[in-house]
Structure formats: structure tokens, C-alpha cells
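Below is one structure; the comments refer to it alone.
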Amino acid sequence: MTPRQLLRSSYGAGPTGPGEGRAPPWPGRSPTESRKAAESLTPEAGEEWQREVTAQMIRFAEHMAAGTPVDDPAVQSEVDAHYKGVCRFWTPNAEAYRGLAATYAEDPRFRENFDRIADGLAEYQRAAMAVYADARLS
């Protein structure tokens, strides 16, 4: 599923129409704003973004496979890069970033993408993002 498709089906205009009556589990940014930001990407930029996201997921999986704790500086550096990538679309506070992490782990559409890289990756990234949110965001 492409970033546009995932955002549209999750919290934007889906098969039953705009919004589908759902709000994201994170505050501070409307689903429409995030969807518009994703839709503004050219097809080439969308593909490049997807490659970056996939490469980052693989790096997280490598940390997980090596048994690296989620609070390790190397993992937290990767989370910082993730946070900066998210900020291309919206700027989450601590609560919102923890909510995004929960979405990755709990929404089957997101979890499937993470766990396709490595079983348990969605939970590992959720935990790493929570450490980051607690330490670096307000």
C-alpha cells in the first residue's frame, strides 16, 4: 500500500467517502491536513519517501534482531530521524507521537507493513518512539 493509499484509507477519504467518521488517535493535526501533505508529493517524491521509510524500517529491524535496547543511543538516533521525517507532514508533541506509535502497532494496516519486514517490529518501534517522546518531546 502506498503512503497516499494508507493515509486515505486510514483517516482520510476512503471507499465510503471523506473521513469515514474516524479521527486519528493523535491530537493536533486534522486528518485532512496530513492527507493533503501526503497527496502533495509528486509520484517520484512519493516513491523516494517510501524507499527512505523502508530503509529506515530495515535499520530498526536490524537493531531489534541484534537485541539492541530501545533506549540505546543508536536506536534513539534512528527514532530522531523518524521524527524529523514525520515533521515533513505534521509536528507531533509527545502525546501525539506516542499515539502515532500506537497506531503503528495496533492498526492492522500499519502493523502488517512493519511486521512484513520483521515479526515484532511494530511493537519494537512503538517502544522506541515512546522512549523518544518521553525524553525529547513535550
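In this text the structure is predicted, and so the values were computed from the model without any measurement.
With sequence neighbours excluded, the residues that form a salt bridge (charged side-chain N to carboxylate O under 4.0 Å, His left out) with E52 are R88. Taking A74 as the reference, H63, D72 meet the side chain to side chain contact (heavy atoms under 4.5 Å, CB included) condition, with sequence neighbours excluded. With sequence neighbours left out, E78 forms a salt bridge (charged side-chain N to carboxylate O under 4.0 Å, His left out) with R59. Under the rule for a salt bridge (charged side-chain N to carboxylate O under 4.0 Å, His left out), the partners of D134 that lie at least two apart in sequence or sit in another chain are R98. Residues meeting the side chain to side chain contact (heavy atoms under 4.5 Å, CB included) test with A65, sequence neighbours left out: none. For D115, the salt bridge (charged side-chain N to carboxylate O under 4.0 Å, His left out) partners are R111, not counting sequence neighbours. Applying the side chain to side chain contact (heavy atoms under 4.5 Å, CB included) rule to I58 yields the partners T54, E62, I117; only residues at least two apart in sequence or on another chain are considered. Considering only residues two or more places apart in sequence or on other chains, H82 meets the side-chain hydrogen bond (donor to acceptor under 3.5 Å, both in side chains) condition with Y97, Y104.
Between R136 and D80, the shortest heavy-atom contact is NH2-OD1, 3.3 Å.
Put simply, the side chain of P92 does not reach to within 4.5 Å of the side chain of L100, judged on heavy atoms. Within the 4.5 Å cutoff, the side chain of F60 has heavy atoms near those of the V79 side chain.
A distance of 9.5 Å separates CD in Q50 from CD in E47, rounded to the nearest 0.5 Å.
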Show which side-chain atoms of residues 124-131 pair as donor or acceptor with protein atoms under 3.5 Å away, not counting sequence neighbours.
{"unit_1": "Y124", "atom_1": "OH", "unit_2": "T68", "atom_2": "O", "d": "2.7"}
{"unit_1": "R126", "atom_1": "NE", "unit_2": "E123", "atom_2": "OE1", "d": "3.3"}
{"unit_1": "R126", "atom_1": "NH1", "unit_2": "E106", "atom_2": "OE2", "d": "2.8"}
{"unit_1": "R126", "atom_1": "NH2", "unit_2": "E123", "atom_2": "OE1", "d": "3.4"}
{"unit_1": "R126", "atom_1": "NH2", "unit_2": "E123", "atom_2": "OE2", "d": "3.0"}

